[in-house]
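Contents: one structure, followed by commentary.
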Amino acid sequence: MVSAYTYLVPERGVIYQVMVDRFYDGNGSNNGPFYDPDHKNYRLYWGGDLEGLTEKLDYIKSLGVSMIWVSPLNDNINKMAHGSAPYHGYWTRDYKGIDEHFGDWNDFRELVEEAQKRGICVIVDYVPNHAGPATDGEFGALYDNGTKVTDYYEDTKNATVNPITGIREAIYHHNGNIFRWEDIPLKYANLYGLADFNQLNPWVDSYLTEGAKLFVENGACGLRIDAVKHMELGWLESFYLRLYSERPLFIYGEYYSLSTDRTEDLHELYRYSNVSPVLDIPIREDIVRTFGFVGSFETLAGELESYYSIFVYPNKQVNFLDSHDLVRFLNEAKRDDALERFHMALALTMTLPGIPVIYYGDESYLVSKDGKGDPYNRPMMVFNNSTEAARIIRTLAELRKTNDALAFGDFKTLYANYSVWAFERTFGTHKLLVVMNKGSPSNLTLSLDWPDGAYSDALYGAGMTVKGGKAMLTLPKNSFYVFHIKRPQDGPLIGSLTPYVAQPGQEVLIGGAGFRSSGRVLIGGEEAEVLSWSPSEILVRVPEVETSSAWVDVTVEAGGKRSNPAKLRYYSGSDIPALVAFNASNFTGKLWIVGNISELAEPRPLLESSTGYYFTVVPLPNGTAFSVRLYRGSAWEELEPLNVTLYGVGNRTVLLKAEPEGPPITSSPVEPSLSESPGNMPGGWPAKAIYASLAVLVVLAIGMAWRKMR
Ligand code: NOJ
Ligand code: CA
């Protein structure tokens, strides 16, 4: 257990992403089997390990980053599968152990402690959707701290058909490969042949949670969760809540969605992001196209504004330019000025809303000679921190630590045409102006509400004059300038909550400015216990709040002033992942439920099974009675109420009924608190405040009293 944990407001930091096997070999004795010392075969191990990573921490620190995201470390299969060794770490066989190619728990603790000494924390990639390949290699063999539990074929023998979901299941789902990338197959079938976990099996649920907790107990400050799109959000919620009960963590998910088109998929990405930050995958391709090929800044600016506007916390989502899944920018961009454009795109991902990720080797212009994506985007690291790219990363990482407009600012385009773009970001008295030009040299005059004066850009020292609300700039071809100002914040201002979901008793870190040296924090109107307080960070414990809303307000009071309200996604506590279902025979179409407890306050889409049920997974307080109302409709549209209310009591499986269990509820059922959703939830949820009638309050009070009695 790592003592004296230093908390970090993630938005003030930059993440450095490392594929451990391809970074640095610190121990030659753990390289085999399946080792290629010549680094020619991209599908074999190349020797990188935890000791090597620890050795290179000073190098990583020299880039100014404060978080390292390491590829999955858990013990992977000991065989080749589909022509590849699991050098990448995504084919786990034992979630309680570290792969022998990378080291052991002592090496992990050593990494965490040495990183902490340098002001860096470690985020581990964790893979709870699937184990290894089901039909090759070790055939989904699964171990619990060295003891074999099952494999995919043995598990088939124990599998039975779940009467509600219609899925053959035991430890794994036995529903073939994902053949249709939506609905049931998306979450209940094997992703690229990988043995898909049945997370609703109580043993799997606790096994995967214990595995993740081991990283937390050994000092990780966060997790990057693989393939969240292929798991039920309701299970993830209860999984995250159990991890957050350890301490505030920075957990973000990989929801793979490539476009900003308003599809159901993008809608789901936003729904997931209300529970945990996600990687900003949908915008990455547009950025690469606009800088690496052709495309208008005006179009990109519009797309980004619309994309960011829907998140409750756009600044907590995770930006990247390169990754281990996509072709590296420098391999993809076919232009004479590709390097200059790479510098611009890199600086952009570090100045947009969202926490930036630097993929290992971006700073040293690492490319593979084969130039393609996975696995060729994973060459052996070349260490060089004296490049222009490294200077850009370092400069903007340092600025992010001190100017909160980078960490928490809003996002407003002031000017955009095909080749020139200026956007401003503001957080209280901290401001940032980013201006770029990818076309021929030009002069730009902008309306800018900054004090008169001469300003100097952080990256190149370029000048800007502001007079009477007009800024004048000279922009050479392929220029990228970052201007900033900062004055003391007058009054408290909240920029972030870590995490932004919580249950009573949990700790939450509040990041912002103007907190002075003491004050109080209200959460949902209740005073929260303060655990530590500084002018820019407060640590509090979440109190119990009487609410049936999904989100409650967090405010800071200091120096006789009250801050802006920040939204905290509230859960009543002791939630268990519950399969919630009802008979489908009386209904058609795409249905949603909204209920009278916080966990159910935002619309949840249902799946329809081949066995005649509508179902979903919801984190539910065990033993608590609740009701839901049914809606029909598509994502992005206004949902149509069906005027049907169903009732249930929190349990692992809940079959909703037309009548409540337990003491009769005399008045009409509680209406959903739709009016409580933040205004920027995906479009078209039913109109506001329709249900805020007195009758509702009366019924709520009866419901609460009944809950307390039970
Ligand atoms: C997404 C990861 O980023 C990718 O590298 C991996 O192969 C798949 N998930 C499956 O785990
Ligand atoms: Ca799955």
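Whatever order the structure lists them in is the order used to number ligands and atoms, beginning at 1.
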Query - Test side-chain contact (heavy atoms from CB on, under 4.5 Å) applied to W235 and V204, step by step - result: CA-CA 11 Å; W235 178 74; V204 175; over 6 Å; no

Query raised in the report: What part of M19, side chain from CB on, backbone N/CA/C/O, both or neither, has a heavy atom under 4.0 Å from ligand 1?
Result: neither

Query raised in the report: Can you check whether Y16 and Y359 have ring centres sitting under 6.0 Å from each other?
Result: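 Between Y16 and Y359, the centre distance exceeds or equals 6.0 Å.
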
**Report entry** Check: Y272 ring centre within less than 6.0 Å of Y270 ring centre
**Finding:** no

Query raised in the report: OD1 (N129) to the Ca ion (ligand 2) to OD1 (D196): angle, nearest 10 degrees?
Result: 80°

**Report entry** Closest non-hydrogen atom pair, R652 against I576
**Finding:**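 Closest heavy-atom pair between R652 and I576: N-CD1, 3.8 Å.
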
**Report entry** Ligand-side contact atoms (ligand 1) for residue partner H130, heavy atom cut-off under 4.0 Å
**Finding:**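 Per the distance check, 10 (C), 11 (O).
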
Query raised in the report: Atoms of ligand 1 less than 4.0 Å from E254 heavy atoms?
Result: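 Per the distance check, 1 (C), 3 (O), 9 (N).
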
Query - Ionic contact status for D325 with R378, cut-off 4.0 Å - result: yes

Query raised in the report: So, are K157 and E154 salt-bridged, with charged N and O less than 4.0 Å apart?
Result: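 Judged by the 4.0 Å cut-off on N to carboxylate O distance, K157 and E154 do not form a salt bridge.
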
Query raised in the report: Of the protein's non-hydrogen atoms, which lies at the shortest distance from atom 3 (O) of ligand 1, and what is that distance?
Result: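 The protein heavy atom lying closest is D325 OD2, 2.4 Å.
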
Report task. Name the closest protein heavy atom to atom 9 (N) of ligand 1, giving the residue it belongs to and the distance to 0.1 Å. Result ->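 Of every protein heavy atom, D226 OD1, 2.8 Å lies nearest to atom 9 (N) of ligand 1.
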
Query raised in the report: In H230, which N, O or S atom comes closest to the Ca ion (ligand 2)?
Result: O

Report task. Could you label the plane-to-plane angle of the H324 and Y90 rings as parallel, tilted or perpendicular, counting under 30° as parallel and over 60° as perpendicular? Result -> parallel

Query raised in the report: Does K96 count as lying over the ring of Y143, i.e. NZ or CZ under 6.0 Å from the six-ring centre, within 45 degrees of the axis?
Result: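 The answer is no; the distance or angle limit is not met.
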
**Report entry** Heavy-atom gap R224 to ligand 1 smaller than 4.0 Å
**Finding:** yes

Query raised in the report: R378: heavy atom below 4.0 Å from ligand 1, yes or no?
Result: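 Contact check R378 vs ligand 1: positive.
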
Query - M231 near the Ca ion (ligand 2): N/O/S under 3.0 Å - result: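 No N, O or S atom of M231 is closer than 3.0 Å to the Ca ion (ligand 2), so no.
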
Query raised in the report: Any N/O/S of A189 under 3.0 Å from the Ca ion (ligand 2)?
Result: no

